[in-house]
Amino acid sequence: MKITLLEHQPYRIKKEGEALAFFEALPEICPYVLKKDQWGMPVYPFEIKHTNEGEVCLQAGYYVGVLWLVKQQKYVHIAPKMNCREERVEIDFLKMLLEIYTADIAEKHTRDLVKIYWKEPQIRIEQQKDFLTPFLVVQFLQLLKRITRKGLKKSYYTVEENLNSHIKGKIQLGKHLKQNVFKNQLTAHVCRYQEFGMDNLENRFLKKVLQFVISFKNTHPTFFAGNEATINELITYCTPYFELISEEMDMGKLKNITINPFFKEYEQAIEIGKHILKRFSYNITETTQHKVSIPPFWIDMPKLFELYVYKKLEEKFGREAVTYHFTADYTELDFLLNTPEYKMVIDAKYKPVYEDSRVIDDIRQVSGYARLERVYQKLGLEGSNELIDCLIIYPSLDEDIDFNLKDKKITGYRNVYKKSLSIPLIINH
């Protein structure tokens, strides 16, 4: 059974309304640890609070996904909604992801956007509630576009063929006897040889995954509502590159592939491709099912929002003006902005609370970044005693009117500002 949570909204489970065995099986803390924060404390997708002997309160954080609460009994579905004021409004995280990949962001920053627990028992849900598969599909198509733009990788690959009147490579004696000698075809020879080209194992695998993606997209177009034109454009762009790639492949050999650093996108595309094929149990007919089984997973919305902010900053001020993940004194900042008008330390916080309030710990954090000597050097303020401006960017449901970074000053602090950034929404009519 499902328990639906909204981001940062509490949900109470009362002992009197539940089966005793289920209530007693509720864990003391969330069974999933996403990562550790900067102080080494575990970060959970949702919190479990035992308010009293007869009640447990669940509260989602800023991560969305489907995870077990009690295995084989009840699972938690954390919907991509910022709040519950408008039940028909959902965050269009696919559009955010599509925009992010149009920026040339290093692969290491996009690798951990989603975590999938393949070894856990699968969760049975309605196909329309599955936002893992569309997320993987968009990631895969965007990586595939990068790969095809560079050109498909060429390498040596093995070919086995029954050649007539000539020999190439090594004769496969057993197959040759069975297919030719015993049938009195004395001029033919089954040979195995190496060729250099694009019809290698990696490209065959990518073609196979692309076929699954196209089947899923065609049978479930509503998943990509509002983004369908972009998805079609990606598929149309990538498909012609694989026309001459064959479909025969040995999945077991993928484990032994060594990725050339020049083709670094291949590694992540193959990893995501494996997730997609696993999701459909390597059976293309599974793409048409209305009830599906998926592994527990979560999507890192704060990281997704951070990358979305980077795309918007780069779009507005240019790549050279924005430094992403600048490191100084064992500290990694979100952004440094260096223009004639703005010299700022910027932090992206996926916290709607900033619309009407503030978080003091966040202000202390970004202010500390702005006091680092290397930050002054990077912004060309070496030797200056002036305070560096600090900015916290947070998500908003309202459309942006302008991009003035200093229009909202945080009361009580010098040179500390906040700025809302509208995020894409899905409007269900």
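The structure displayed is predicted, hence computed values, not measured ones.
- Of the possible donor and acceptor atoms, one in the side chain of Trp68 sits under 3.5 Å from a partner among the backbone N and O of Pro121.
- Test Glu161, Glu160, Glu195 against Lys168 for salt bridge (Lys or Arg N to Asp or Glu O under 4.0 Å) and you get one pass: Glu195.
- Judged purely by atom type and a 3.5 angstrom limit, Glu47 has no side-chain atom pairing as donor or acceptor with the backbone of Gly61.
- Side chains of Ile78 and Trp298 form no contact here, defined as non-hydrogen atoms less than 4.5 Å apart.
- For the pair Lys343 and Asp389, the salt-bridge criterion is not met [side-chain N within less than 4.0 Å of a carboxylate O].
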side-chain contact (heavy atoms from CB on, under 4.5 Å) between Val190 and Ile171, worked out | CA-CA 6 Å; Val190 178; Ile171 296 176; 5.8 Å; no
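- Proximity of a side-chain donor or acceptor of Asn162 to a complementary backbone N or O of Ala188 within less than 3.5 Å is not detected.
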Go through Met96 and Ile91 one step at a time and tell me if the side-chain contact (heavy atoms from CB on, under 4.5 Å) criterion holds.
-> CA-CA 9 Å; Met96 293 173 68; Ile91 298 167; 3.9 Å; yes
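- Here the closest heavy-atom approach between residue Val366 and residue Cys390 is recorded as O-SG, 3.7 Å.
- Ring pair Phe305/Tyr350 is tilted by interplanar angle, where 30° to 60° counts as tilted.
- Around atom CZ of Arg12, no more than 12 heavy atoms belonging to other residues, nucleotides or ligands sit under 6.0 Å away.
- Using a 4.5 Å heavy-atom cutoff, the side chains of Gln139 and Gln268 are in contact.
- Considering CD1 of Ile270 and CG of Leu201, their distance stands at 7.5 Å, rounded to 0.5 Å.
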Verdict with supporting geometry, Glu99 and Lys95, salt bridge (Lys or Arg N to Asp or Glu O under 4.0 Å) | CA-CA 6 Å; Glu99 287 206 36; Lys95 188 178 287 293; over 6 Å; no
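- Nearest heavy atom pair, residue Lys408 against residue Ser420, reads NZ-OG, 4.3 Å.
- When atom types are taken as modelled, the side chain of Thr239 and the backbone of Ile235 share a donor-acceptor pair closer than 3.5 angstrom.
- A 4.5 Å side-chain heavy-atom check between Leu141 and Val137 finds at least one atom pair inside the cut-off.
- Separation of atoms CD1 (Ile393) and NZ (Lys349) is listed at 12.0 Å; rounding is to 0.5 Å.
- Both the sub-6.0 Å distance and the 45° axial angle are not jointly satisfied by Lys178 relative to the ring of Phe182.
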Kindly determine whether Tyr369 and Gln365 satisfy side-chain hydrogen bond (donor to acceptor under 3.5 Å, both in side chains), including the steps that lead there.
-> CA-CA 7 Å; Tyr369 294 158; Gln365 182 185 39; 3.0 Å; yes
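- In this structure, the side chains of Tyr310 and Asp334 stay at 4.5 Å or more apart for every pair of heavy atoms.
- Looking at every heavy atom in both residues, Tyr417 comes nearest to Met344 through CD1-CE, 4.2 Å.
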For the pair Thr133 and His220, evaluate side-chain contact (heavy atoms from CB on, under 4.5 Å) and give the outcome as yes or no after the intermediate values.
-> CA-CA 11 Å; Thr133 308; His220 301 285; over 6 Å; no
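- In this structure the side chain of Val359 never reaches within 4.5 angstrom of the side chain of Ile392, judged on heavy atoms.
- The nearest pair of heavy atoms linking Arg192 to Thr158 is CG-CG2, 3.4 Å.
- Between Leu144 and Phe242, the closest side-chain pair of non-hydrogen atoms falls below 4.5 Å.
- Rounding to the nearest 0.5 Å gives a distance of 7.0 Å between OG1 of Thr110 and CD1 of Ile272.
- Shortest non-hydrogen contact noted between Met198 and Tyr157 is N-CE2, 4.4 Å.
- Atom OG of residue Ser357 and atom NZ of residue Lys351 lie 11.0 Å apart, to the nearest 0.5 angstrom.
- Ring geometry for His189 versus His176: interplanar angle under 30°, hence parallel rather than tilted (30 to 60°).
- Side chains of Asp92 and Ile423 form no contact here, defined as non-hydrogen atoms less than 4.5 Å apart.
- Scanning both residues, Phe335 and Glu306, for their nearest heavy atoms gives CZ-O, 3.3 Å.
- At distances below 3.5 Å, not a single donor-acceptor pair connects side-chain atoms of Lys312 with backbone N or O atoms of Leu421.
- Between Glu271 and Lys274, none of the side-chain N atoms (NZ, or NE/NH1/NH2) sits under 4.0 Å from a carboxylate O, so this pair counts as no salt bridge.
- Here the side chain of Asn218 pairs a donor or acceptor atom with the backbone of Ile214 at under 3.5 angstrom.
- How far CZ of Phe131 is from CG of Leu136: 12.0 Å, rounded to the nearest 0.5 Å.
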Start with the C-alpha gap between Glu314 and Tyr324, add the side-chain angles, then the distance that decides, and say whether side-chain hydrogen bond (donor to acceptor under 3.5 Å, both in side chains) holds.
-> CA-CA 10 Å; Glu314 184 188 271; Tyr324 182 49; over 6 Å; no
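- When each of Arg146, Lys153, Lys150 is tested with Glu265 by the rule side chain to side chain donor-acceptor pair (under 3.5 Å), just one qualifies, namely Lys150.
- For Tyr11 and Phe46, the gap between ring centers reaches or exceeds 6.0 Å.
- The CG atom of Asn227 sits 12.0 Å away from atom NZ of Lys217, with the distance rounded to the nearest 0.5 Å.
- Counting only heavy atoms from C-beta outward, the side chains of Ile100 and Leu113 never approach each other to under 4.5 Å.
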Test side-chain contact (heavy atoms from CB on, under 4.5 Å) on Ile48 and Leu26 and set out the steps.
-> CA-CA 9 Å; Ile48 301 176; Leu26 287 171; 5.7 Å; no
